[in-house]
Number of protein chains: 2
Amino acid sequence: MTDRPAAPGRSGYHHGDLRNALTRAATALAREGGPQAVVLRAAARATGVSPTAAYRHFRGQGDLLRAVKFEALARLADRMEAAGADHPGADGESVVARLRSAGRAYVRFALDEPGLFRAAFSHHPDPTASMGGARSEVPSAAEEFCPEAGAWDDRAFRLLSDVMDALLDAGLLAPERRPGAEVSAWAAVHGVAMLLLDGPLSHLSSAQAETAIVRTVDDMLRGILEAPSGETHGT
Amino acid sequence: MTDRPAAPGRSGYHHGDLRNALTRAATALAREGGPQAVVLRAAARATGVSPTAAYRHFRGQGDLLRAVKFEALARLADRMEAAGADHPGADGESVVARLRSAGRAYVRFALDEPGLFRAAFSHHPDPTASMGGARSEVPSAAEEFCPEAGAWDDRAFRLLSDVMDALLDAGLLAPERRPGAEVSAWAAVHGVAMLLLDGPLSHLSSAQAETAIVRTVDDMLRGILEAPSGETHGT
DNA sequence: CTTACATGTTGACGCTGTACACATCTTTCT
DNA sequence: AGAAAGATGTGTACAGCGTCAACATGTAAG
């Protein structure tokens, strides 16, 4: 009676919001240390709870990591949306500025929060897979966020698609080049982020990194927006 | 007397080539299972050797993983070089074909050998770091390959640089755009590979993936090669 | 009030990375 | 040649991890 079951207040034995508390703790672990630091027992310890208690809310460590992954993706989307909101116009210049700003926010997030970024794009082999029978288990964290497996059409992707649509409306993007334009843009930004983080560019100074980012975004933007005059085409 | 100490033959007690044997075993582990599957004890077991024997040749598990990383990077470079050798010409068309071919080889490697590719770009916190004293330990695997820490100016990067130089010589790349051109190209290819592997494009069919790859490479190539007419520039 | 369920606890198992002490093979010095 | 020195591999041990099974404790439904 002191607190409702769904309320985050704790009543001594029952925590009341363990799932989110564990996700928070695990995310904090990933924040410093990356996906490797997401260790179930540590998260439980930080939450003041027994390790096996986590199994009431997650299928296991892999599932916990998956929750962290979606959490990290959400924060990444937050940053991108916030950056895009600075340029709300529909004219060509504003849309391009919005795209550029979102791209910079993407890479900036990767460099500011390397642990979360790495967790967001970490790979984990299917936990508790290859089962052909009962499914009355815990919801598995993936089904919490997206109805379809594998297709995390989350806010970041939608934001990118919207910007591309705006580019189309502004007449800067040729209609026949519209489909698939998100892929190129995303790939360039994601690639430079990864190379700066764990790749051959990891030793660059901040200034050099900024140059590399701007350069990559500029190049890709030019390639996407370039009017189709028909040249430099091989196969 | 039956075999020389440096020869790979085994003499019962001393293995003779344990370091490479362990690296091979660990690489095989990474090949299926990615960096997470690189477990020291398993590699030792596969080599028929005690777990602690590995510590004579590696600083620990992280160091072993690092060796796998360099091995994977070397194999990636192999593929790129092999692909580039199909178009050896110095004329513009050949150079562009070479660049495109190398890029496709890059992504193809990522999709063919996801475990190795993930290991090649895996991140590990410095093992046995924050020590301020003696350094008479095992050479640490990183110093085996590159003299300078962090700067793995390996064959893949060199190949890309050479192609960019060739583009410059062929008159397809404006000289003021030469510096940093590798970054954009690499970022696009690496990004699309990662997105196809662990990102939002992981559920694409092979045909769709191929389309995405070609599209990304085309866009980036266009952006890099586009003659500097001075447009679509913000800041 | 009692029964069923959800949620958290304790204990245990096998696995991992790693440190320490010891054994054995190889080389080198006298 | 023989002995000391070093390199290389073995065995044992410990803490920490993920996970399972059995049990305890709250909460809700009849």
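Within every chain, numbering begins at 1; the chains are lettered A, B, ... in the order of the sequence lines, protein sequences first and strands thereafter. As the structure is a computational prediction, the values presented were derived from the model and not from experiment.
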**Prompt:** Counting only non-hydrogen atoms, which of residues 22-39 of chain A are less than 4.0 Å from DNA chain D?
**Reply:** A:Val39
**Message:** Over 60° means perpendicular and under 30° means parallel, so tell me whether B:His190 and B:Phe117 are parallel, tilted or perpendicular.
**Reply:** tilted
**Side-chain donor/acceptor of B:Ser50 to backbone N/O of B:Ala53, under 3.5 Å** = no
**Request:** Not counting sequence neighbours, which residues clear salt bridge (Lys or Arg N to Asp or Glu O under 4.0 Å) with A:Arg108? List them please.
**Result:** none
**Request:** Examine D:dG26: is either OP1 or OP2 under 4.0 Å from a nitrogen or oxygen in the side chain of A:His15? Give yes or no.
**Result:** no
Look for any protein N or O under 3.5 Å of an N or O in nucleotides 19-23 of chain D and output each such pair with its distance, or none.
unit_1 : atom_1 : unit_2  : atom_2 : d
D:dT19 : OP2    : A:Tyr55 : OH     : 2.8
D:dT19 : OP2    : A:Gln61 : N      : 2.8
D:dT19 : O5'    : A:Tyr55 : OH     : 2.9
D:dT19 : O4     : A:Arg41 : NH1    : 3.4

**Asked** Does the side chain of A:Thr211 come under 3.5 Å of the side chain of A:Gln208 through a donor N or O and an acceptor N or O?
**Response** no
**Message:** In this structure, how many angstroms lie between the P atom of C:dT18 and the CG atom of B:Leu65, rounded?
**Reply:** 11 Å
**Asked** Taking CG from B:Asp63 and C1' from C:dT18, how many angstroms apart are they, rounded to a whole number?
**Response** 14 Å
**Message:** With a 4.0 Å limit, can you tell me whether A:His57 has a side-chain N or O closer than that to the phosphate oxygens OP1/OP2 of C:dA6?
**Reply:** no
**Fill in**
Between CZ of A:Arg45 and C1' of C:dG8 the distance, given in whole Å, is 17 Å
**For B:Glu32, all residues meeting salt bridge (Lys or Arg N to Asp or Glu O under 4.0 Å), sequence neighbours excluded** = none
**Fill in**
Sequence neighbours excluded, the answer for salt bridge (Lys or Arg N to Asp or Glu O under 4.0 Å) partners of B:Glu81 is B:Arg155
**Asked** Considering residues, nucleotides and ligands other than B:Gln36, do more than 12 of their heavy atoms fall under 6.0 Å from its CD?
**Response** no
**Prompt:** What's the NE2-P distance between B:His124 and C:dG17, to the nearest Å?
**Reply:** 15 Å
**Request:** With sequence neighbours left out, write down each residue that passes salt bridge (Lys or Arg N to Asp or Glu O under 4.0 Å) with B:Asp165, or none if nothing qualifies.
**Result:** B:Arg178
